[in-house]
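Structure first, commentary second.
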Amino acid sequence: MKKYKEVSIDPTTQKMYERAQELGIETVWERLEKQQPQCGYGLLGICCRNCMMGPCRINPFGGEPKRGVCGADADTIVARNLLRMIAAGAAAHSDHGRHVALTLLVAAEMAEKFKKEGKPVLELDNMASNTLPYQVRDPEKLKAVAKRLGIETEGKSIRELAKEVAEVALNDFGKQDEEPLAFLKAYLNPKTYEIFEKAAEKAGMPWFENGILPRSIDREIVESLHRTHIGTDHDPVSILLHGLKTALGDAWGGSLIATELQDVLFGTPKVIKAEANLGVLKEDYVNIVVHGHEPVLSEKIVEAAQDPELIELAQKLGAKGINVVGMCCTGLEVLMRHGIPIAGNFLQQEMAIVTGAVEAMVVDVQCIMPATVDVARCFHTKIIDTSPIATFPGAIHIKFDERRADEIAKEIVRTAVENFPNRSKQRVEIPKEKMSGYVGFSVEAILEHFGGTLKPIEEAIVEGKIKGVAGLVGCNNPKVKQDHNHIKIANELMKRDVLLVGTGCWATAAMKYGIFLPEYADTENVGPGLREFAKEWGIPPALNMGSCVDCTRILVLADLVARDLNVPISALPVVGSAPEAMTEKAVSIGTYFVASGITTHLGVVPPVLGGPKVVKILTQDLYDIVGAAFIVEPDPYKAAKLMYEHIMKKRKELGI
Ligand code: NFS
């Protein structure tokens with residue numbers, strides 16, 4: 001068993017980990033330990049299970065076997081496995097995006113139907129009627145998205161526009177022509193577009209029509225599975241090029257649609273102060289943790305928890321009220337838009353339950369450990385699964401249906417409230433630590449803060465006050481001490497005057513240690529230039545841009561700067577990093593950052609080292625093909641140095 005200090009730098013995780021040990025509860029760290037030693041072939045990416053002649057594995061030391069039964073060598077196998085990871089990650093983000101687009105369409109269609117039935121017309125045309133399960137909370141954003149897509153907005157109601165935008169989005173998932181995605185064409189600057197167009201030719205594969213420009217989100221994912229089927233694509237170059245294409249379908253398609261249409265439905269985030277870490281759980285309240293990724297559910301839970309009838313019920317049962325808190329990305333969604341406190345990042349999901357103070361953990365999709373059900377069994381906590389595509393054995397299933405969103409959300413909250421009397425008060429132990437910070441830095445909020453332009457950031461970069469920008473993203477991974485790499489890399493970059501923007505579990509980590517407070521600029525972890533800039537503009541030295549699908553906000557921001565300077569994104573002094581990467585989604589994000597021109601660091605070695613050609617393509621050749629590549633470095637100090645060097649190289653190339 002590990003010592004509490006080995007698993008995390010977060011004092012709340014340390015305490016709850018010790019508590020779990022006291023109670024004999026197994027957690028992610030024990031399960032990781034039981035897996036040791038992990039399979040070396042798997043770690044290197046050289047086992048293949050794609051057909052039933054196998055499983056095959058390649059000798060990593062150069063001896064036999066050098067090939068699988070079909071003849072595939074190590075590079076083919078590694079490349080195929082990586083493509084499948086990218087495809088799975090892109091699928092997860094994009095299916096989320098599809099769900100949001102469908103929700104917008106369903107709401108618009110319901111408005112149309114109600115209108116025909118003679119319900120109040122104006123409210124329905126504005127999609128502001130609360131007879132609808134989902135409204136359009138940001139009509140201006142809807143109009144802006146429609147304009148980008150080239151949809152005529154004059155003389156159209158919000159309802160009509162919502163329907164048209166949703167239809168264009170949905171068409172990007174399943175269209176069959178060879179044209180690039182409508183969303184990509186609408187959002188990407190021509191210089192970067194050109195790089196995508198020519199990338200395959202540069203790599204010596206001119207038969208890729210339109211280079212690595214994705215044609216349809218679903219099609220690229222399906223083609224990934226096809227290419228990696230036994231006996232199909234065997235050249236690591238073409239396999240990886242298709243990986244870039246699939247990931248770009250995620251970035252400038254699925255994830256972008258998720259972010260943009262979530263803003264339309266639930267409001268575009270504005271700067272707001274909020275709190276993070278397990279200390280946001282309240283001893284005398286009904287605590288509901290929303291965990292997963294899709295705000296289509298968590299938004300409704302937040303609303304239902306404000307229902308006076310349910311609050312009264314909670315009080316009748318001895319609680320002071322209902323406290324909704326977030327976990328992982330769905331937590332970030334409601335944090336960004338409503339300032340709902342976030343209880344933690346990926347490695348704290350079990351820890352939250354160990355407090356003994358959680359009445360219900362309401363989960364939707366992605367990054368939810370099935371082990372939450374086992375931990376919950378040791379307490380009164382109910383795990384409620386809600387997505388038709390994510391069922392957890394042993395959980396309560398209250399499956400969500402957008403058309404009956406309000407009714408179902410209330411049922412879920414009621415289930416949690418009614419569970420309050422089952423809490424065993426003596427077993428409650430909530431760590432006190434929590435931290436506040438500013439969140440809500442959407443691209444729109446950043447523009448607003450700087451007076452409608454990015455010029456102040458650009459000028460500070462040119463002057464050298466800020467050396468560049470780093471996008472820090474991604475998960476926790478129990479192979480890394482929780483949050484350790486996140487915070488070290490952040491500090492090392494800020495010390496070197498690099499402005500940070502970030503999302504996902506990195507953002508939750510940063511918030512827990514006070515990095516999203518303007519005062520953080522006064523600490524020794526921030527260099528003098530960045531400190532001056534942050535103070536001048538009243539911002540923290542790092543900006544929370546949201547959940548992982550919101551990595552597209554980082555791309556859109558980079559794209560705006562690239563437009564201003566009339567260069568492709570790859571020319572900018574910008575880097576990316578996923579210091580504690582874990583999911584297939586993180587692999588897709590890393591790939592689309594690189595494909596879009598942002599050199600990206602991974603702090604956890606992906607399973608590719610068994611394929612030397614693949615490693616060379618990913619870390620070197622891609623510079624010539626898309627102008628960016630991967631840096632792999634587990635040591636956070638060395639990583640920050642390499643990232644900084646890349647920024648300085650880009651500055652030099654720009655002549656600044
Ligand atoms: Ni991103 Fe969100 Fe966290 Fe990693 Fe999981 S929550 S989508 S994948 S673990 S950052």
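Start at 1 and go down the list; that is how both ligands and their atoms are numbered.
The Met582 neighbourhood of ligand 1 comprises atoms 9 (S), with distances under 4.0 Å to a heavy atom of that residue.
Counting only protein N, O or S atoms closer than 2.8 Å to atom 1 (Ni) of ligand 1 gives 1.
The side chain to side chain donor-acceptor pair (under 3.5 Å) test applied to Arg219 returns Glu178, not counting sequence neighbours.
No donor-acceptor contact under 3.5 angstrom links the side chains of Lys512 and His486, judged on distance only. Looking at Glu30 and Tyr17, their side chains do bring a donor and an acceptor atom within 3.5 Å of each other.
Residue pairs meeting the salt bridge (Lys or Arg N to Asp or Glu O under 4.0 Å) criterion with at least one partner in residues 295-305, sequence neighbours excluded, are Arg137-Glu303, Lys300-Glu303, Lys300-Asp406. Pairs engaging residues 588-604 under the salt bridge (Lys or Arg N to Asp or Glu O under 4.0 Å) rule: none recorded [sequence neighbours left out].
With Ser8 contributing its side chain and Gln14 its backbone, the two residues share no donor-acceptor pair below 3.5 Å.
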